[in-house]
J.: 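I am attaching a structure below and will ask some questions about it afterwards.
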Amino acid sequence: MMKLILNLLFLILFTSSLSSASMPPSCHDYEKSALLQFKLSFSIDKLASGDSSAYPKIESWKPMGNESNCCLWHGIVCDRESGHVISLDLSSSFLYGFIESNSTLFDLVHLQTLNLADNHFRYSLIPSKIASLSNLIHLNLSLSVFSGEVPSSISNLSNLISLDLSDNQDPLSNAKLLRLRELSLRTLIQHSIGLEIIRLNNVIMSSQVPRVLANLTSLRYLGLINCELYGAFPKDILLLPNIQIVSVAFNEDLVGHLPEFQNTSKLEILRLTSTGFSGNIPTSIGSVSSLTALIFFNCSFHGSIPLSLSQLIKLTSLDLSLNNFEGRIPNSMANLTQLSTLGLGSNYLTGEVPPGFANLTRLTFLELGYNELHGSIPSFISRLENLQVIGLAGNSFSSPVPFDLFVKQKELIALRLSDVELILHPAALSNATFPQFADLQLVGCSLTQFPKFLHNQTTLELLILANNQIEGPLFLPPLSNLWRYDLSYNALSGEIPTSICNATSLVELHLEQNTFTGKIPQCLWNLSNSLAMLSLSHNILQGTIPNTFSRACTLKMINLADNQLQGQVPRSLANCSSLEVLDLGNNFITDIFPNWLGALPELQALALGSNRLYGALPVRFGLGFPNLRIIDLSDNTLTGNLSDEIFLNWHAMRVQHQSQLYMTFTKSLIVFGFITENSLYYSIEIKYKGRETKYEQILNILTSIDLSNNEFVGKIPDSIGNLTGLQALNLSHNKLIGSIPRSLGDLSSLESLDLSCNLLSGKIPQQLTKLTFLEIFNVSYNHLTGPIPQGNQINTFGNDSFEGNTGLCGSPLSNNCSESEAQSPPQPQHSSYDGEDEESSTLILWIIISMGYLSGLVVGVILGRIFARRYHEWFVDTFGRSGQLNKRRAKR
């Protein structure tokens, strides 16, 4: 009996202990109060979180009743023994509001985990009181619209294992909002030696990568994407014993080399996209068997693709595009059968597509475009049925290419081909079910009509059919998703249909180099609220440009050059505050100079040449245009003096660019369902030496002034010498008088100088010999005298640069200088006539000058054309790529 009682007592005690163990702890009243007070700081806004699994966790927080125990609230974890709140996870909770410095959040001093990611805290500063949570092990404040300086007190959180401050960006502009000083990061690293995860993507650091990161032996994950880092990346970070993921992409000024890897490395993912990493990929990379992703897109690596890459059999993503790799693609890469992404585009790879690629049956993305590959496009492409993206453009593949190679991939959403004869066999394709493309680029594929299957393409986002021979009226595919439509360089005709105005998603529209006639549809200008780039140049369009640009205008580039447009430059263009390139050249625009364009803060390139502009430049002409780098007003009838003020205020022309990049703008777009950053290139036409040249991509170093073929009078202002970044200056074929300013010798970047066919007098300044980059120099057909300066680039120019100046002497002219001319400057010549005789002599002199000017004009035009032909290749190589569709950046 006693034994039974003891057993019952034991059972009761055991059951009681189990029950108490399963009972949640009761939270402390002061922590409950702090949480409820914190809850009152926010409203619930379903736009505040982007995660599809988001829900309002704080709605479960009740002060009274059965749900009043805060340890049972959503997002809360309490310590079982003490009952203190140790974890607060309000990620993706639709929170909208401020976090103040006196927030009751900081009363939860026992917190070990704090996760506020994916909310909207309305540009709140991260309070310095975050340091009071000294027990924090995990801190995640990512994607929550925090702004300002990360407080230095964060370095006091010495127990941190993971830190994530990533992607605090403006929801409207995508601008980075957080800034972290190098000192704060270095101090944090020194104090938190147990850090395993650091994610600071899109935090402005503007510093070098702290070398103390290489001391974090526990570090597993390092994310420093787009942090404006510069200098050398410490390669020892890649050799840390536990490092698994390193992502430092989109830091263009960050340089480095890959180390010699050890076979003990645990590295799995290495992302170096758009950095300055260079050198060879070491053979030892083949020993890192854990690697699953190598993303080296848009770096500066060179050499051959190492054969050892084929040993990385776990690789699922390999992208070496936009580098300088040479040689053949190793056939041994066929061993990488787990690959889903393979990018080798925009290199210098040669040979044929390896036959072993037929084994890569898991591929969804294949980019081989813009190399030097040849041979046939392999037929096994049609058997890679998982492919979604195929890029083969910009190679030398043999023709013809049957389109039915690409019909069997039912998952295909992007196809990029160029410079092949594409055959669409009606019989073979008549019953085919075509993939639904999002991106279709058939450039230079000998098409003569729009492919019929386009009628049923309902998901198109990009459609590029440029450089074909397509005839007839403009075809419009389903427009609901289309953001880029390029039909340039075809033989399309007729009027632009008004139905194009239904393309409300358009960002880029390119219809240049066709034979469209009629007026530009009035409704097309309503798209200026969504369009960023509009190019209708080189057509036969007529009428006026409507004065209907609204304040919501988003246009960055307008190119209407080489049409028959009339009227004035519409004043409402002043509403297009984002406009960077405006090209209305070679039309019949009749107007005074539109000085109000100077108020456009972003305008960099303005081409109004070959129109009917008239009148004097306004006195305040030079006071605007803060970012102007290219201006072409040639071939008009503008008059008046060129005042000093014009050149005093063009500050952008004083900048000497160190790097040669193309002028682009970045547009955030949803492509294939993903938010992507797309770099779109500007184009412009500049009349140079009597020749119109179109630059499909404009180098950011190009700074050019062309005021030639007008009726400007007076002297060349000395202030032009302030424009030290100027690349090209053309003041030819005007009526400028006086001497050539010595200050032109200060234009240290000048590569083209044309002052021909004016009325300039005096000596050629010796200071021009300092212009060591001059490739084109022309002072012919003026009234210059004295010896031609000798030295540097001046010595490289022939007679045609100086002829028509009877008073010039010395090399390269056959007219030798006298001893007095060579040794001393000429003295002013005083006339022996006065009174009526002086007036007569002056009249005779002006008749001679006028005759010289008229004949010089004719000769100058002819010479201009000769110079344009002779130096056109140099100008294109120097200032931009003159091609049809050049996708590769300048590399060598």
J.: Spell out, as yes or no, whether a donor-acceptor pair under 3.5 Å connects the side chain of S376 to the backbone of P378.
T.: no
J.: Can you establish whether the number of heavy atoms outside Q449 located under 6.0 Å from its atom CD is more than 12?
T.: no
J.: Assess the side chains of S287 and N263: does a donor N or O sit below 3.5 Å from an acceptor N or O?
T.: no
J.: Assess the residue pair T337 and T361 against the criterion (side-chain contact (heavy atoms from CB on, under 4.5 Å)); give the C-alpha distance rounded to whole Å, side-chain angles, the decisive distance to 0.1 Å, and a yes or no.
T.: CA-CA 7 Å; T337 56; T361 56; over 6 Å; no
J.: Do P171 and V145 come within less than 4.5 Å of each other through their side chains, counting heavy atoms only?
T.: yes
J.: When rounded to the nearest 0.5 angstrom, what is the spacing between CG in L447 and CD1 in I423?
T.: 9.5 Å
J.: Side chain to side chain donor-acceptor pair (under 3.5 Å), that's the test. Do K266 and N242 meet it? Break it down for me.
T.: CA-CA 6 Å; K266 297 179 181 178; N242 292 295; 3.2 Å; yes
J.: Between D89 and S91, is there a side-chain donor-acceptor contact under 3.5 Å, judged purely by atom types and distance?
T.: yes
J.: Short question: side chain of N119, backbone of S93 - any donor-acceptor pair under 3.5 Å?
T.: yes
J.: Which distance, rounded to the nearest 0.5 Å, do you find between the CG of L291 and the CZ of F261?
T.: 7.0 Å
J.: Run the numbers on F233 and H257 for ring-ring contact (aromatic ring centres under 6.0 Å, His included), then give the verdict.
T.: CA-CA 8 Å; F233 182 81; H257 296 82; over 10 Å; no
J.: With a sphere of 6.0 Å drawn around CD of E385, does it hold more than 12 non-hydrogen atoms of other residues, nucleotides or ligands?
T.: no
J.: State whether a side-chain donor-acceptor pair under 3.5 Å links S535 with E512.
T.: yes
J.: In this structure, are over 12 heavy atoms from other groups packed under 6.0 Å from K452 atom NZ?
T.: no
J.: When rounded to the nearest 0.5 angstrom, what is the spacing between CD1 in I381 and CG in L405?
T.: 8.0 Å
J.: Taking only residues two or more places apart in sequence, or in another chain, which ones meet R362 in a side-chain hydrogen bond (donor to acceptor under 3.5 Å, both in side chains)?
T.: Q338
J.: Please examine the side chains of T341 and L339, heavy atoms only from C-beta on, and report whether any two atoms are closer than 4.5 Å.
T.: no
J.: If you apply the rule side-chain contact (heavy atoms from CB on, under 4.5 Å), what do you find for N514 with I470, and how did you get there?
T.: CA-CA 10 Å; N514 284 283; I470 302 174; over 6 Å; no
J.: For L509 and I500, run side-chain contact (heavy atoms from CB on, under 4.5 Å): C-alpha distance rounded to whole Å, both residues' side-chain angles, the deciding distance at 0.1 Å, then the answer.
T.: CA-CA 10 Å; L509 177 61; I500 198 171; 3.7 Å; yes
J.: Treating S173 as the side-chain partner and D170 as the backbone partner, does any N or O pair qualify as donor plus acceptor under 3.5 Å?
T.: no
J.: When rounded to the nearest 0.5 angstrom, what distance separates CG in L200 from SG in C227?
T.: 6.0 Å
J.: Under the criterion salt bridge (Lys or Arg N to Asp or Glu O under 4.0 Å), I'd like the reasoning laid out for E352 against R328: C-alpha separation, chi angles, the key distance, then a yes or no.
T.: CA-CA 8 Å; E352 299 185 358; R328 292 178 175 268; over 6 Å; no
J.: Donor-acceptor pair, S308 side chain versus T283 backbone, under 3.5 Å?
T.: yes
J.: Decide whether N251 and T275 meet the rule of one side-chain donor and one side-chain acceptor closer than 3.5 Å.
T.: no
J.: For residues P330 and P354, report the shortest heavy-atom separation together with the two atoms involved.
T.: O-CG, 4.3 Å
J.: May I ask you to check whether D439 and Q441 show a side-chain donor-acceptor distance below 3.5 Å?
T.: yes
J.: Does a side-chain heavy-atom distance below 4.5 Å link I377 with V353?
T.: no
J.: Quick check against the 3.5 Å criterion: does E367 have a side-chain atom that pairs as donor or acceptor with the backbone of G369?
T.: yes
J.: Please tell me whether N202 and D167 have a donor and an acceptor in their side chains that are separated by less than 3.5 angstrom.
T.: yes
J.: Can you check whether S53's main-chain N or O pairs, donor with acceptor, with D51's side chain at less than 3.5 Å?
T.: yes
J.: Provide the closest heavy-atom pair for L239 versus P259 in the form atom of the first, atom of the second, distance.
T.: CD2-CG, 3.9 Å
J.: Of all heavy-atom pairs between S332 and S310, which one has the smallest distance, and what is that distance?
T.: O-CB, 3.2 Å
J.: Check this for me: R199, atom CZ, are more than 12 non-hydrogen atoms of other residues, nucleotides or ligands nearer than 6.0 Å?
T.: yes
J.: Measuring from atom CD1 of I197 to atom OH of Y221, what distance do you get when rounded to the nearest 0.5 angstrom?
T.: 8.5 Å
J.: Under 4.5 Å between any side-chain heavy atoms of L482 and L463, yes or no?
T.: yes
J.: Answer yes or no: is there a side-chain heavy-atom contact under 4.5 Å between L344 and L349?
T.: yes
J.: May I have the step-by-step check of salt bridge (Lys or Arg N to Asp or Glu O under 4.0 Å) for E228 and K176, ending in yes or no?
T.: CA-CA 11 Å; E228 301 180 19; K176 299 190 287 285; 3.3 Å; yes
J.: Of all heavy-atom pairs between S530 and T504, which one has the smallest distance, and what is that distance?
T.: OG-O, 3.5 Å
J.: Could you walk me through whether E508 and D486 pass the side-chain contact (heavy atoms from CB on, under 4.5 Å) test, one step at a time?
T.: CA-CA 8 Å; E508 277 192 87; D486 188 342; over 6 Å; no
J.: From L224 CG over to M205 CE, what is the distance, rounded to the nearest 0.5 angstrom?
T.: 5.5 Å
J.: Using side chain to side chain donor-acceptor pair (under 3.5 Å), reason through H510 and S488 one step at a time and then give a plain yes or no.
T.: CA-CA 6 Å; H510 294 270; S488 58; 5.7 Å; no
J.: Any donor and acceptor pair, going by atom type alone, linking the side chain of N201 with main-chain N or O of S166 inside 3.5 Å?
T.: no
J.: Which heavy atom of I464 sits nearest to which heavy atom of R484, and what is that distance?
T.: CD1-CZ, 3.6 Å
J.: So, S284 and E260: side-chain donor and acceptor under 3.5 Å apart, yes or no?
T.: yes
J.: Pick out which of F406, F475, F434 makes a ring-ring contact (aromatic ring centres under 6.0 Å, His included) with F453.
T.: F434
J.: Do L47 and F94 come close enough that some side-chain heavy atom pair is under 4.5 Å?
T.: no
J.: Which ring-ring contact (aromatic ring centres under 6.0 Å, His included) pairs, counting each pair once, include a residue from residues 279-316, with sequence neighbours left out?
T.: F296-F301
J.: Is a donor on one side and an acceptor on the other found under 3.5 Å between the side chain of N347 and the backbone of L320?
T.: yes
J.: Report yes or no: do T448 and E471 form a side-chain donor-acceptor pair below 3.5 Å?
T.: no
J.: Considering only heavy atoms from C-beta outward, does the side chain of I281 approach that of I305 to under 4.5 Å?
T.: no
J.: What is the minimum heavy-atom distance between S274 and C299, and which atoms define it?
T.: N-SG, 4.3 Å
J.: Look only at the side chain of N168 and the backbone of S144, and say whether a donor-acceptor pair between them is shorter than 3.5 Å.
T.: yes
J.: Going by heavy atoms in the side chains, are F397 and L392 under 4.5 Å from each other?
T.: yes
J.: Is it the case that the side chain of T364 and the backbone of S340 share a donor-acceptor pair, with hydrogens and angles ignored and the cut-off at 3.5 Å?
T.: yes
